Amino acid sequence: MDTTLRDGEQTSGVSFSATEKMTIAQLLLEELQVDRIEIASARVSEGEFQAVVNITDWAQSKGYIDRIEVLTFVDGGVSIEWMQKAGAKVQNLLTKGSLNHLTYQLKKTPEQHFKDIAENIALASQNNIETNVYLEDWSNGMINSPAYVFDYLDFLTKQPIKRVLLPDTLGVLTPAQSSEFVKQLKVRYPNTHFDFHAHNDYDLSIGNVMEAVKAGIDGLHLTINGMGERAGNAPLASAVAVIHDFLPEVIIGVKEKALYKVSKLVETFSGNRIPANKPIVGDNVFTQTAGIHADGDNKKNLYFNDLLPERFGRKRQYALGKTSGKANIEKNLQELGIHLSQEDLKKVTQRIIELGDKKEKVTQEDLPYIISDVIDSSSIIEQKVVIDSYVLMHAKGLRPSATVRMIIDGKIYEENAQGDGQYDAFVTALRSIYKKVGRVLPKLTDYMVRIPPGSNSDALCETVITWQPEGGKEFKTRGLDSDQTVSAITATQKMLNII
């Protein structure tokens with residue numbers, strides 16, 4: 001049972017619109033094919049009510065209405081009336097699963113609580129509403145008041161309910177406790193359907209889920225991206241992968257290939273970003289960074305495990321940066337259909353390592369630009385002109401300025417100038433230096449900046465400048481850097497050596 005739309009929406013700062021709830025509900029049932037979804041809490045707001053009406057209308061038309069569940073309360077029938085108006089047919093009744101909660105929150109005896117619950121279940125049955133029962137704080141109940149839990153279950157299993165829902169409300173269980181407690185209940189109540197609802201406060205939710213399944217639990221409550229209160233709930237994607245790979249005797253119907261797509265959509269709707277290293281759905285989890293790993297993948301897939309990205313509608317990537325080796329780069333070049341000589345491959349590898357020291361991420365889309373830059377640079381045999389150092393200044397209300405120091409044929413020259421922009425100030429300073437040495441710079445006739453398609457603000461910039469020497473043939477130079485002005489200066493230094 002997926003509870004992204006109910007418990008997941010309790011993530012701090014998250015509130016789905018009615019349209020978003022409908023879209024997620026449809027994807028959960030039809031794309032992911034989970035068995036049931038918990039979509040709301042009764043009596044929350046008018047907006048929540050309308051969202052439930054929309055979903056139940058759609059579910060009724062598709063034959064899914066018995067798979068739509070709503071959290072309700074022991075409130076003298078108010079929740080039942082709300083459900084009738086909303087068109088929902090399955091209630092998940094919230095009750096107390098620990099003596100501590102019962103005594104200090106409800107201030108009732110077990111007998112009073114059981115009587116109220118029996119009346120609620122009877123009223124639901126009269127209105128053709130099916131009942132599942134949550135034992136809130138059940139995990140602490142098993143730890144601190146097991147006699148109460150067993151007395152309650154002795155009563156509850158005689159009621160006309162379908163499932164008993166066992167939440168680790170505060171995320172306090174260890175995998176060993178999850179296993180032991182579920183086994184106790186399955187031995188004592190072999191004919192009762194129990195669901196396990198894990199929270200992730202100690203980062204143990206998936207371990208707890210795995211042990212609960214091995215102990216014989218009948219159902220699991222999960223959320224997309226592990227959304228939920230505090231540290232969240234057990235994440236659906238991880239649970240599905242663990243069950244498929246480590247508990248193959250347990251057959252589940254969730255479609256793995258849809259997990260990533262639905263995960264990214266929920267990320268967008270919720271505004272709750274997925275950590276890059278989150279298993280299964282994180283951006284980095286199928287990305288090899290170290291060159292040795294890419295080399296091993298080329299040699300009998302030495303760094304593969306059973307978590308093949310294609311299972312989840314994804315593909316393996318090989319990161320480009322300062323830890324890249326030739327194998328990483330070759331993998332990316334293969335995908336682009338580019339073949340380089342070993343000599344050129346070494347040059348490209350070195351350039352990527354240099355860029356990786358300056359820029360957090362070099363992408364596959366950057367590669368053609370890097371190759372172009374490296375091959376273009378290799379045509380310059382002798383560096384007679386070196387732009388040794390420069391300072392660029394740009395402040396609001398003041399003209400941009402540049403101070404440039406150059407080495408021409410072994411001699412040092414320095415000049416300061418202002419301009420209409422940082423690069424213009426740089427070129428003006430350059431012209432002053434060249435005037436001193438009796439040389440004329442070519443005319444800049446075109447200036448084009450490109451970034452790889454789909455890149456972000458940290459993209460590599462390629463600057464292509466067209467130059468027209470007096471009485472000579474027009475030519476172009478290009479520079480590549482993560483800083484646009486620096487890439488233009490790189491292209492300019494190439495021009496200086498060409499002329």
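Worth saying up front: this structure is predicted, and the values here are computed from it rather than measured. Reckoned from all heavy atoms, side chains included, excluding hydrogens, waters and symmetry mates.
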Flag, side chain of [X] to backbone of [Y], donor-acceptor distance under 3.5 Å:
{"X": "N127", "Y": "I129", "answer": "no"}
{"X": "S263", "Y": "N225", "answer": "no"}
{"X": "S17", "Y": "E20", "answer": "yes"}
{"X": "S238", "Y": "P235", "answer": "no"}
{"X": "T268", "Y": "K264", "answer": "yes"}
{"X": "S145", "Y": "L99", "answer": "yes"}
{"X": "H113", "Y": "K96", "answer": "yes"}

Distance, nearest 0.5 Å, that separates [atom1] of [X] from [atom2] of [Y]:
{"X": "R163", "Y": "N132", "atom1": "CZ", "atom2": "CG", "value": "5.0 Å"}
{"X": "L156", "Y": "T192", "atom1": "CG", "atom2": "OG1", "value": "8.5 Å"}
{"X": "I55", "Y": "T23", "atom1": "CD1", "atom2": "OG1", "value": "9.5 Å"}
{"X": "Q159", "Y": "N120", "atom1": "CD", "atom2": "CG", "value": "10.5 Å"}
{"X": "E229", "Y": "L170", "atom1": "CD", "atom2": "CG", "value": "9.5 Å"}
{"X": "F196", "Y": "S139", "atom1": "CZ", "atom2": "OG", "value": "8.0 Å"}

May I ask you to decide whether [X] forms a salt bridge with [Y], counting only side-chain N to carboxylate O separations under 4.0 Å?
{"X": "K115", "Y": "E119", "answer": "yes"}
{"X": "E48", "Y": "K21", "answer": "yes"}
{"X": "D154", "Y": "R188", "answer": "yes"}
{"X": "D2", "Y": "R67", "answer": "no"}
{"X": "K89", "Y": "E69", "answer": "no"}
{"X": "K108", "Y": "D116", "answer": "yes"}
{"X": "R36", "Y": "D66", "answer": "no"}

- Message: Tell me which one of L185, D168, L165, T169 satisfies side-chain contact (heavy atoms from CB on, under 4.5 Å) with W138.
- Response: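 Among L185, D168, L165, T169, the one that satisfies the side-chain contact (heavy atoms from CB on, under 4.5 Å) with W138 is L185.
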- Note on the structure: The side-chain contact (heavy atoms from CB on, under 4.5 Å) partner of T72 among T131, N92, L93 is L93
Does one side chain, of [X] or [Y], offer a donor that lies under 3.5 Å from an acceptor on the other?
{"X": "S98", "Y": "N140", "value": "no"}
{"X": "T95", "Y": "Y152", "value": "yes"}
{"X": "E211", "Y": "S178", "value": "no"}
{"X": "Q177", "Y": "N208", "value": "no"}

- Task: Check the pair R311, D245 against salt bridge (Lys or Arg N to Asp or Glu O under 4.0 Å), reporting the backbone distance first and the verdict last.
- Result: CA-CA 12 Å; R311 285 172 52 182; D245 289 358; 2.9 Å; yes
Least distance between heavy atoms, [X] atom then [Y] atom:
{"X": "N233", "Y": "N200", "value": "O-CB, 4.3 Å"}
{"X": "F73", "Y": "S79", "value": "N-OG, 3.2 Å"}
{"X": "F16", "Y": "T4", "value": "CE1-O, 4.0 Å"}
{"X": "V149", "Y": "M142", "value": "CG1-SD, 3.7 Å"}
{"X": "G77", "Y": "L123", "value": "CA-CD2, 3.6 Å"}
{"X": "A241", "Y": "F312", "value": "CB-CZ, 4.1 Å"}

- Message: Before you tell me yes or no, could you show the steps for Q105 and N100 under side chain to side chain donor-acceptor pair (under 3.5 Å), namely the whole-Å CA-CA distance, both residues' side-chain angles and the distance that decides it to 0.1 Å?
- Response: CA-CA 8 Å; Q105 191 169 41; N100 208 35; over 6 Å; no
- Task: Output, in order, the C-alpha distance, side-chain angles, deciding distance and verdict of side-chain contact (heavy atoms from CB on, under 4.5 Å) for L94 and V74.
- Result: CA-CA 7 Å; L94 189 67; V74 183; over 6 Å; no
- Message: Using the rule given for side chain to side chain donor-acceptor pair (under 3.5 Å), can you reason through N54 versus Q50, listing the C-alpha separation, both sets of side-chain angles and the distance that settles it, and then say yes or no?
- Response: CA-CA 6 Å; N54 295 345; Q50 193 54 54; 3.1 Å; yes
- Determine, stepwise, if the pair I243 / L220 fulfils side-chain contact (heavy atoms from CB on, under 4.5 Å). CA-CA 11 Å; I243 292 170; L220 296 171; 3.8 Å; yes
- Message: Test salt bridge (Lys or Arg N to Asp or Glu O under 4.0 Å) on K186 and D218; report intermediate values, then the result.
- Response: CA-CA 9 Å; K186 290 304 294 181; D218 303 291; 2.8 Å; yes
- Item | Counterpart residues, ring pair (Phe, Tyr, Trp, His ring centres under 6.0 Å), relative to Y134 (two or more places apart) | H197, H221
- Identify, with sequence neighbours excluded, every residue that meets ring pair (Phe, Tyr, Trp, His ring centres under 6.0 Å) alongside F155.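 For F155 the ring pair (Phe, Tyr, Trp, His ring centres under 6.0 Å) partners, ignoring immediate neighbours, are F114.
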- Item | K261, NZ: over 12 other non-hydrogen atoms inside 6.0 angstrom |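 Counting other residues, nucleotides and ligands, NZ of K261 stays at 12 neighbours or fewer.
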- Chi angles and distances behind the side-chain contact (heavy atoms from CB on, under 4.5 Å) call for H101, L106: CA-CA 7 Å; H101 268 222; L106 291 190; over 6 Å; no
- Item | Verdict with reasoning, M227 to V266, per side-chain contact (heavy atoms from CB on, under 4.5 Å) | CA-CA 10 Å; M227 290 177 63; V266 170; 3.5 Å; yes
- Item | Note, K162 side chain near H193 side chain (heavy atom, < 4.5 Å) |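 No, side chains not in contact.
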